[in-house]
> 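The structure follows.
Within every chain, numbering begins at 1; the chains are lettered A, B, ... in the order of the sequence lines, protein sequences first and strands thereafter. Computed from a predicted model, the values in this text were never measured in an experiment.
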2 protein chains.
Amino acid sequence: MRFTAQEEYGLRCLLQIAREPGEFMTITEIAKREGLTSAYVAKLMRVLRKADLVKSIRGQKGGFRLAARPELVSVGDVLASLGGRLYTKDFCGRYTGTEQICTHSLECSIRSLWMTLDHSVQRALSGITLKHMLSGALIESWAHAASAQVALDRSETPPPAA
Amino acid sequence: MRFTAQEEYGLRCLLQIAREPGEFMTITEIAKREGLTSAYVAKLMRVLRKADLVKSIRGQKGGFRLAARPELVSVGDVLASLGGRLYTKDFCGRYTGTEQICTHSLECSIRSLWMTLDHSVQRALSGITLKHMLSGALIESWAHAASAQVALDRSETPPPAA
DNA sequence: CGCTAACTGTACTTTTCTGTCAACTAAAAT
DNA sequence: ATTTTAGTTGACAGAAAAGTACAGTTAGCG
């Protein structure tokens, strides 16, 4: 179980854009700030644009901005766009037979496990928005040695009820 | 964020072994039950053996058995052996500078996010053992439309306090 | 012993994911 | 209109993961 490069770098690029609200940031600028090549950033931005997470304009004065305000953008959606979900319905199809059989066989203990883990991750992600990331709310929650979720719930900017 | 093939198939093989307590199961038998090639199962079993999750004996009458009773084997440990942890300390090293700088920069919001997710996954996995997987406790927890963790806590075989 | 069944280890091939490149299109400035 | 800046696209090369092949070792059995 691991994060993909696309998730890591895509989220970073999105956060760089989110830091300058209202402005359009160019690929070159994002690349410079993150220490990535422009070509790679361009590829990542394409994914984010297709997921409607950013809006782009071309030509001079072009660039990218968030499609919505940071407090409305769930990190869960961002990661799902960049790297997909942990568990999807077609997961079983690649090896196991029909879903009915699967449900009663040993393999499906594993399917349930994957569902459980996906559920946990979604739960943890549900209340975290780009704004939380920008404000350092997550970092603080660790500094206080409490669970991230609990700390977020008490922070100055309460997350929406997912 | 996704599961590796090694996690999926390695855990399946381990569960096949766990189904026949006391016996030694051969690679051929495991491969047959899971529909995998013997060569691939052999590779997976090596990983499990090096993690001390199974014991092997060679020669005729050889095979594999669990190194410990199913109720003592945490699925979290199994997955960590097969695919590593979601977040590790050296994670930042591959791109960011020192940990101090990292803590106060934007990238570290991401580091905190990865830590949060790792924490959630570990929490979900902490109480799940091979025995739970075998007994169908996870499947039942989904059938009752409750969170897996809650359902497990109430099941006939209470998980150890992680 | 010698044969056979079965695990062990290394090296190899194939596939998938990362990251790059070059050619293209759009918009603004002059 | 031309030039320049900047996003768009698809094809490609390198790296990592997945899966295979094969030669070697161990242990039972006759």
Side-chain angles (χ1 to χ4, degrees), chain A residues 1-14 16-17 20 23-67 79 81-84 91 94-95, chain B residues 1-14 16-17 20 23-67 79 81-84 91 94-95:
Chain A
M1 193 161 32
R2 58 178 194 279
F3 302 111
T4 64
Q6 193 161 284
E7 283 171 316
E8 164 105 25
Y9 293 122
L11 179 54
R12 286 185 183 214
C13 291
L14 193 65
Q16 288 295 351
I17 293 170
E20 313 290 348
E23 306 207 357
F24 281 85
M25 190 178 290
T26 66
I27 286 175
T28 307
E29 178 63 21
I30 300 166
K32 186 179 156 195
R33 294 196 186 194
E34 281 298 334
L36 303 171
T37 66
S38 294
Y40 190 29
V41 171
K43 185 176 193 172
L44 295 168
M45 293 315 298
R46 175 147 76 136
V47 176
L48 293 172
R49 177 175 52 79
K50 290 200 170 176
D52 286 321
L53 289 165
V54 296
K55 294 294 180 190
S56 67
I57 50 177
R58 291 158 72 131
Q60 269 183 335
K61 303 269 182 176
F64 296 86
R65 67 167 172 78
L66 287 189
L79 292 181
S81 302
L82 289 166
F91 193 89
R94 80 179 195 210
Y95 175 67
Chain B
M1 194 163 28
R2 58 182 187 282
F3 303 109
T4 63
Q6 193 160 284
E7 283 171 315
E8 163 106 24
Y9 294 122
L11 180 54
R12 285 185 184 214
C13 291
L14 193 63
Q16 287 295 352
I17 293 171
E20 313 290 349
E23 306 209 356
F24 281 85
M25 191 178 290
T26 67
I27 287 175
T28 307
E29 177 64 21
I30 300 166
K32 186 178 155 194
R33 294 196 185 192
E34 281 298 334
L36 303 171
T37 65
S38 294
Y40 190 30
V41 171
K43 186 178 190 172
L44 294 168
M45 293 315 297
R46 180 151 80 130
V47 176
L48 293 172
R49 177 174 50 81
K50 289 201 169 177
D52 285 321
L53 289 165
V54 297
K55 293 295 180 190
S56 67
I57 51 176
R58 293 160 72 136
Q60 268 183 337
K61 303 271 182 172
F64 296 86
R65 66 168 172 78
L66 288 188
L79 292 181
S81 301
L82 289 165
F91 193 89
R94 81 180 195 209
Y95 175 67

> Could you give the CG-to-P distance, from L44(A) to dG7(D), as a whole number of Å?
14 Å
> Return the minimal non-hydrogen interatomic distance between I17(B) and L66(B), and the atom names on each side.
CG2-N, 3.7 Å
> Choosing from dG19(D), dT20(D), dT8(D), which nucleotide comes nearest the side chain of Y9(B)?
dG19(D)
> Tell me whether the OP1 or OP2 atom of dT20(C) has a side-chain N or O from T37(A) closer than 4.0 Å.
yes
> What is the distance, to the nearest angstrom, from the CZ atom on F3(A) to the P atom on dC17(C)?
17 Å
> Would you kindly compare M45(B) and G59(A) by the position of their nearest DNA chain C nucleotide and give the one closer to the 5′ end?
M45(B)
> How close or far is atom P of dA13(D) from atom NZ of K43(A), stated in whole angstroms?
14 Å
> When you check the phosphate oxygens OP1 and OP2 of dC7(C), does a side-chain N or O of S56(B) lie under 4.0 Å from one of them?
no
> Between dT8(D), dT8(C), dC29(D), which nucleotide has the shortest distance from any of its atoms to the side chain of F64(A)?
dT8(D)
> Between P on dG7(D) and OH on Y40(A), what's the gap in Å once rounded to a whole number?
18 Å
> Out of dC17(C), dT8(C), dT9(D), which has the shortest distance to the side chain of K50(A)?
dT9(D)
> Return the value, rounded to whole Å, for the distance between atom CD1 of I27(B) and atom P of dA21(D).
15 Å
> Would you say R49(B) reaches dG9(C)'s phosphate, i.e. side-chain N/O to OP1/OP2 under 4.0 Å?
yes
> Taking only the side-chain heavy atoms of A5(A) (C-beta and beyond), determine which of dT18(C), dA18(D), dT8(C) contains the nearest atom.
dT18(C)
> Considering only side-chain heavy atoms of R58(B), which listed nucleotide, dT18(C), dG19(C), dT25(D), is closest?
dT25(D)
> Could you state the atom-to-atom distance from NZ of K55(A) to P of dT8(D) in whole Å?
12 Å
> Can you measure E29(A) atom CD to dG7(D) atom C1' for me and round it to whole angstrom units?
16 Å
> Less than 4.5 Å apart, side chain to side chain, heavy atoms only: is that true for R65(B) and V54(B)?
no
> dG28(D) base to K61(B) side chain: any donor-acceptor pair below 3.5 Å?
no
> Using whole Å, what does the distance between atom C1' of nucleotide dT16(C) and atom CD of Q6(A) come to?
13 Å
> Does the side chain of E7(B) come within less than 4.5 Å of T4(B)'s, by heavy atoms?
yes
> Counting C-beta onward and ignoring hydrogens, is there a side-chain heavy-atom pair between S56(B) and M45(B) closer than 4.5 Å?
no
> Compare every heavy atom of M1(B) with every heavy atom of F3(A), then report the nearest pair and how far apart it is.
CE2-SD, 3.6 Å
> Mark yes or no for a side-chain to base donor-acceptor pair under 3.5 Å between R46(A) and dT8(D), with no hydrogen or angle criteria applied.
no
